[in-house]
Undergrad: 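Questions regarding the structure given below will be posed in turn.
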Amino acid sequence: MVSPAARLVGQGVWAALSGGWYHDPEQGAFTNSCHLYLWLFLLTLPLAMHLVSTVVTAFAYCSLVTVFFTAIKVISYRLHLMFDKGEAIQQQVPRKNGRQCKDAEVPKENTSVPPVSSTSPGIKGDVLPVSLASASGSTTSAIVTKPAAVETLSGPGVNQSGEDEQRGSQVIHMDKDIAKNLSNISSLQGDVLRTGVSLEPWDSENSVTSDHSSNLRSHKREKLADGSLQASFTSNCPQCSAFATKDPELVESSCSADSTNEDLDCSDSETAVAIVDNSLPGDQLCEPIKIVITMSSTPNSALSDLADSVHLRQPSQDPEESSCSSAQRKLNKQFYRFIIFPGKWIKVWYDRLTLLALLDRTEDIKENVLSVLLVVLVSLLGFLTLNQGFCKDIWVLLFCLVMASCQYSLLKSVQPDPASPVHGHNKIITYSRPVYFCILCGLILLLDAGSKDANPSVYTMYGLKLFSPRFLQSARDHILVFLYCFPAISLLGLFPQINTFCIYLLEQIDILLFGGSAASGLVSALYSISRSFVVLTVLYAFCFSAVKEPWDAQHIPALFSAFCGLLVALSYHLSRQSSDPSVLMSLIQCKYVPRFLRQQFEDSPADPLPEKMRESVKEILKSDLIVCTAAAVLSFAVSASTVFLSLRPFLSIVLFALAWTVGFVTHYILPQLRKHHPWLWISHPILKSKEHQQREVRDAAHLMWFERLYVWLQCFEKYVLYPAIILNALTIDAFSISKYKNCDIILITVAGMKLLRSSFCNPINQFVTLSFTVIFFQFDYRDISENFLLDFFMMSIVFHKLWDLLQKLQFIMTYIAPWQIAWGSSFHVFAHPFLGSVIFIASYARPIKFWEKNYNTKRSDHSNTRLAIQIEKDAGNDDNNLNSIFYEHLTRSLQESLCGDLILGRWGNYNTGDCFILASDYLNAFVHLIEIGNGLVTFQLRGLEFRGTYCQQREVEAITEGDEDDEGCCCCKPGHLPHLLSCNAAFNLRWLTWEITRTQYILEGYSIIDNNAATMLQVFDLRRILIRYYIKSIIYFTASSPKIFEWIKDESIQKTLQPYAKWHYIERDLAMFNINIDEDYVPCLQGITRASFCSIYLDWIQYCARKRAEDSPLVTLSFALCILGRRALGTASHNMAISLDSFLYGLHALFKGDFRIAAKDEWVFADMDLLHKVVAPAIRMSLKLHQDQFTCPDEYEDPAVLYEAIQSFEEKVVICHEGDPAWRSAVLSNREELLTLRHVVDEGADEYKVIMLHKSYLSFKVIKVNKECVRGLWAGQQQELIFLRNRNPERGSIQNNKQVLRNLINSSCDQPLGYPMYVSPLTTSYLGTHSQLRNIWGGPVSLDNIKKWFRSKWMRKDCHAAHHDRGNIEEADTGGGSGSNSTGNSSQSSSSQHTRDGTPQLQPSSQEAHQHAGICTIYLSFSVVFSPGAA
């Protein structure tokens, strides 16, 4: 066995350096030799051909490599196709005409024949006795061989037989008594013995005596010169001889018959050899089969591996071998026919596993074509780069090694690769190295060609001469050095797999250049970058047309003003759209392809989430149509007014100062005052929410005044301040371009688009970037400044990377601080932060989403499990599967409120990629913000275990415990000032990678109450109450069923129920009914009668049935159903209802719908609604009534109260099993109350719990985690578990570390790296779904809302004026009437108040309408019809 360290060095480190080649000791010499020579060929071929650097050698090299790879790929593809569709054929090597051998091929499936007994003709075994005294400790191995010549025995102990045998039989049989005597034989050996050779028992009377064994050596190898048999055998008489011996030479000859038997220990054992021939008389004598059975006498000499216990001899790998003696030592072996041409084929003595060990499989023709094309590109670009003369001496060898590694990886890739994100074979990683090599070589050739240009176009920016020959040559040399380091970079995992790199590259281009946000995948990244390029093209066309001719400061061209309007409108629209096009495409399909969507909806269960998202997108599109039009017109007007050119530079200074002031107050002062520990010195928040001191939250979060202020400041900053700053700079720079031509048009277009989009999306850090731009380029380095717009654009890119660098440094310094190192290996302390593609300036080469997989936890329930599994055991009854629904509901709650809460500042400052932890009493959710737009947030939630590990609990305690009681200062405890933290607490808070931003964050959720069912049903009295409610519930559902009259009038049911109609009928079943739990049980009769049943439940039946007669068919039906229900409960309890465990088992079985109906109750199958609509809901309702029994014991004694309670529970409470899809639907639909019975089997505990859910408001702590800490730990886990193969479940990287929350973060990784209970899909929260923000900004802008606003504001003023005039006229006419007026005024104010509340109570009467004039009558009608309550 290879040690894990050696495997890591060979298959991991060395393979990563060489591109996939390493010596595998578990493979044969042929496979390792092929790998070695193949790698050497790829290394030395360009090295040798480089000596003659001509076009001919380059063409010859590329052609040779292409033909070589094409041949290998075609042969490999054809071989795998042969294994998939071909037929395994059995090879047989008979003897014919002396030394001439002829192959006999038999299909594998045709080799089986009926068994032949030990007395069958032609199969006879004479065996020497073998001592079986220690058979119990012995080991037997059967070795099947074909000897070079038939070995014979002479003497009286040898029997010969001349009977015929069936021709072509390939099955050789052994007497089963041998297997019985060998007690310690393995199963695989027993199969060989039972189906191999038929021998006589070891103690048979026909056995050869032991004195004949001395003559074995003289007879063992006797044969004629021409290879024929000895004279003791006749050519037409097949025979079988068996012998047992301890002859070392014989044992050695039998054990060394083939090289594959080296592990078989034959040194100290007894061996039985059987020689079997199955040819027919008159035929050419075929070669017999020799079976060697080794009996080990040493108890400890058992073979550990079954594959080494039984050895089937195989022919040599060369099928064309002409030596008959070599082929005769091989047993029949499978081969495949490899068709070269139609009718022409060759034999392939190979299996699929060996081929997979030799070469990677490419399953598709497209993959083979792609591999060949990549090889062509690697060869061509690599050889051209080599011929340019960049590499000298040893660097030539290094370059050829890099090129050979890229080529070799297409044949046998590195598995697992250091950058692989998944366990097992990764197809995509195969193409990563060649693609990176082609990109780097292509860049080197392009930069070299540019550096040799005679007339280069030099562009100077910030004092740097871009695209000059020297600049291009320097860039080429740096890339060449980077290429030399390719093996080391690959070993460290700095290159992600190619699809991840494409997503990362497109995402970074869209973010840094165009102001976009994160991408959810490759399609999303392509969609985002494509729409940005389309918008950029349109804007560039307008800008170019506007500034191609000079214009003065008193007249701005209308085309440029149109460009400004389009820039603002399109940037606003792009900021409002998600990067995921799936919802938009779904909306388009729903609009134009309704049939297709209707079919999809019918196939899939109803889920309100997609419809909500489509409605939100539809609202955004309608709103953008109006807002973009208004923004474009307004921007056009402001730009055309020449205000920016007329007031320069005074206007710029005012705008800069105002932006800094608003940004500083909005994004620094207010968030710090609202933090749990402002400035990490104050012990409590200064601006507290209303819920801050509440222990139990009973309502939604209250909207505070500082939250309103925060929203309005953001709106002013996003929609007024920064657009004015950018338009001002854009106008000044465009004027300079048109006059002096000192800047490129494309740059100001890109800069304006990026800055506007980023300001609309998230302006939190804009004021810092703006401040540094002004200070740096106006005071420090004024000479190198290009223009303000370009300076602002470049500084935004620099600051974006500097924020990441700052967070990385904070994480590393906190993680390796010597005074707070947590226990674990020293490797994880110092090396773990640097694992997983850490590139400080460029950040991790992974997208913001980080994980490539679009994860979506699928919950197991009765809709996706088989019926047999549901009956035998609970589908997905583990806590993680059942509790995942609460995280799914939490995701839905966050979808409605997250975007609005972020804008209200309830989570503090936030940016794209930020990570938060929501912690409550039992829910611990990890929230990852992926995309942040203008009015939308895309996030992913990862739910952690309810009952986590010890390390998880320690970190949760670190989150929840407070620092206010800490009074330490260094090593003493002097205390602290009022409302301030102690020095130690303040110091410790600064050395954490996480921070509590809010302690009372309110979300809609479910409060969970779980009670132990065993405790609630321990005593018989409590079980009797449950049975009572069970019977009453059956009666209720029977009487209230709309099919009650059908059941009563059904003749088949009434005929079956005739015995139940008799008063003296007795239902005796001692196993089912018991005096302890059945109130109507009659002890003297040992059963239940109709009379005893009516004496208890007749009043309830009459109340439910509205006073029907006591001898009516309803009573009979109710009596029969109650007996059936109790019998079903007893049957499910295995007729042991007196036992608590059995009773709970039966109760749970009925609760989930598993009814076992007895033969005498099969009348219920006349209508299945009797089970589905009566008995099944009755058992569930009885559990709910039994729960309420503890709070109000005597309340349900009154039939009216009980009837109303059941009626209310039936409407409001969802009672079902958690495996029922209705449970998930009810939770996600926000039903008020739910109840279920859960069977928990976990860690040896087997218990039943009654779970009650009540819709309420939950309080969470919001903890913001350093996002670079999360990405670093995630990347380290990926590399440690996949590449370094650390399988230790208690590894140091998942031990608790309170400073970085290492266990919580690592356990939230994608499976199998982490173990989250639930991982949500990417979910988008829209601003329009937040109810409190609608009160601030009035909802989305649409034509309908504009009409409503106009009617409510302007027409109300006219109405009030008309009321005032009318009142003055009436007062003048009547001269008083104060009583009626006061009444009318109070009535009017009351009506107005109701209208403002949104619930108008009364329509205006005709009398009142007659009193008011014209416009007032119209207003009153509109105020009632269009009020929110009426709508």
Side-chain angles (χ1 to χ4, degrees), residues 381 384-385 387-391 438-484 505 508-510 512-515 529 532-533 536-537 539-551 560 563 729-755 772-773 776-801 841-842:
L381 295 175
L384 289 177
T385 305
N387 286 342
Q388 296 298 319
F390 306 136
C391 308
C438 293
I439 292 173
L440 293 177
C441 288
L443 287 175
I444 290 173
L445 294 175
L446 288 176
L447 292 173
D448 182 66
S451 64
K452 296 177 182 178
D453 189 6
N455 298 315
S457 56
V458 180
Y459 188 83
T460 304
M461 179 179 291
Y462 299 109
L464 299 176
K465 294 183 178 180
L466 303 178
F467 308 115
S468 64
R470 185 176 179 181
F471 176 84
L472 297 177
Q473 186 176 1
S474 177
R476 179 202 66 191
D477 294 340
H478 281 85
I479 295 177
L480 191 61
V481 173
F482 192 74
L483 187 61
Y484 288 150
L505 181 63
Q508 290 298 308
I509 292 174
D510 194 40
L512 299 178
L513 297 184
F514 303 119
I529 203 75
S532 298
F533 271 112
L536 179 64
T537 303
L539 293 175
Y540 176 77
F542 275 84
C543 187
F544 180 79
S545 302
V547 301
K548 63 182 179 180
E549 295 182 358
W551 36 280
F560 179 77
F563 161 73
L730 187 65
T731 305
I732 296 174
D733 294 343
F735 177 75
S736 302
I737 291 174
S738 65
K739 198 172 184 67
Y740 303 106
K741 306 291 184 184
N742 62 349
C743 186
D744 198 359
I745 302 172
I746 189 68
L747 289 179
I748 65 168
T749 306
V750 172
M753 177 181 168
K754 184 265 172 84
L755 294 173
F772 270 87
T773 302
F776 189 84
F777 288 104
Q778 297 296 327
F779 298 97
D780 294 338
Y781 294 92
R782 188 181 185 90
D783 296 336
I784 66 171
S785 174
E786 296 292 334
N787 53 70
F788 173 76
L789 194 65
L790 191 57
D791 296 342
F792 195 14
F793 172 74
M794 297 303 297
M795 194 61 71
S796 66
I797 298 175
V798 172
F799 263 74
H800 185 275
K801 291 304 177 183
I841 302 300

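Being a predicted model, the structure only gives us computed values, none of them experimental. We count residues from 1, following the sequence as given.
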Undergrad: Give the minimum heavy-atom separation between I748 and C543, together with the two atoms involved.
TA: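 Scanning both residues, the minimum pair turns out to be CD1-SG, 4.0 Å.
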Undergrad: Looking at every non-hydrogen atom in both residues, tell me the closest pair between G752 and L789 and how far apart they are.
TA: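 It is N-CD2, 4.2 Å.
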Undergrad: Is there a side-chain contact between I444 and F390 in this structure, where contact means two heavy atoms from C-beta onward sitting under 4.5 Å apart?
TA: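 Side-chain contact under 4.5 Å: yes.
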Undergrad: Which heavy atom of I745 sits nearest to which heavy atom of F544, and what is that distance?
TA: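 Looking at all heavy atoms of both residues, the shortest contact is CD1-CD1, 3.4 Å.
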Undergrad: Check K754 against S796 and note the closest heavy-atom contact, atom names and distance.
TA: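 Looking at all heavy atoms of both residues, the shortest contact is NZ-OG, 3.2 Å.
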Undergrad: Please identify each residue that fulfils side chain to side chain contact (heavy atoms under 4.5 Å, CB included) with C438, with sequence neighbours left out.
TA: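 Partners of C438 by the side chain to side chain contact (heavy atoms under 4.5 Å, CB included) criterion, ordered by chain and then number, come out as L377, V378, L381.
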Undergrad: How about F799: does its CZ atom have over 12 heavy atoms from other parts shown lying under 6.0 Å from it?
TA: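 More than 12 within 6.0 Å, yes.
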Undergrad: Would you name the heavy atoms of S451 and P469 that are closest together and state the gap between them?
TA: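 Distance-wise, the nearest heavy atoms are O-CB, 3.5 Å.
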Undergrad: Rounded to the nearest 0.5 Å, what separation is found between the CD atom of Q508 and the CD1 atom of I797?
TA: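 The distance works out to 10.5 Å.
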Undergrad: Could you tell me the separation between the CG atom of D780 and the CZ atom of F772, rounded to the nearest 0.5 Å?
TA: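 Going from the CG atom of D780 to the CZ atom of F772 covers 10.0 Å.
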Undergrad: Will you find, in the side chains of D791 and T773, an N or O donor that is under 3.5 Å from an N or O acceptor?
TA: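 Distance-only check fails for D791 and T773.
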Undergrad: Taking all non-hydrogen atoms of both residues, which atom of G450 and which atom of L472 are closest, and how far apart?
TA: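 Distance-wise, the nearest heavy atoms are C-CD1, 3.5 Å.
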Undergrad: Find out whether L536 and I746 are in side-chain contact, i.e. whether some heavy atom of one side chain is under 4.5 Å from a heavy atom of the other.
TA: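 The answer is yes, as the side chains (C-beta and beyond) meet within the 4.5 Å cut-off.
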Undergrad: Mark yes or no for whether N787, through its side chain, and L790, through its backbone, hold a donor-acceptor pair below 3.5 Å.
TA: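 Present.
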Undergrad: Counting only N and O atoms by type, is there a donor-acceptor contact under 3.5 Å from the side chain of S785 to the main-chain atoms of Y781?
TA: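 Side chain of S785 to backbone of Y781: no pair is present.
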Undergrad: Using a 4.5 Å cut-off on heavy atoms from C-beta on, say whether the side chain of Y462 contacts that of F777.
TA: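 Yes, close enough: below the 4.5 Å cut-off.
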Undergrad: With the side chain counted from C-beta on, respond yes when F563 and S545 share a heavy-atom pair under 4.5 Å apart, and no when they do not.
TA: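 F563 does not reach S545 side chain to side chain.
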Undergrad: First locate atom CD of E786, then atom OG1 of T460, and finally report the distance between them rounded to the nearest 0.5 Å.
TA: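 Here the rounded value is 8.5 Å.
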Undergrad: State, yes or no, whether a side-chain contact exists between F560 and T731 at a heavy-atom distance under 4.5 Å.
TA: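 Sidechains of T731 and F560: in contact.
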Undergrad: Nearest 0.5 Å, what's the CD1-CG distance between I529 and D510?
TA: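 With rounding to 0.5 Å, CD1 (I529) is 4.5 Å from CG (D510).
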Undergrad: Which pairs count as salt bridge (charged side-chain N to carboxylate O under 4.0 Å, His left out) when at least one residue sits in residues 444-455, sequence neighbours excluded?
TA: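 Sorted pair list: D448-K452, D448-R476.
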Undergrad: Looking at CG of D733 and CZ of F788, how far apart are the two atoms once the value is rounded to the nearest 0.5 Å?
TA: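 It is 9.0 Å, given to the nearest 0.5 Å.
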Undergrad: Between atom CG of L443 and atom OG1 of T385, what is the distance when rounded to the nearest 0.5 Å?
TA: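 Reported value, rounded in 0.5 Å steps: 10.5 Å.
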Undergrad: Between the side chain of S474 and the main-chain N/O of F471, is any donor-acceptor distance below 3.5 Å?
TA: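 No.
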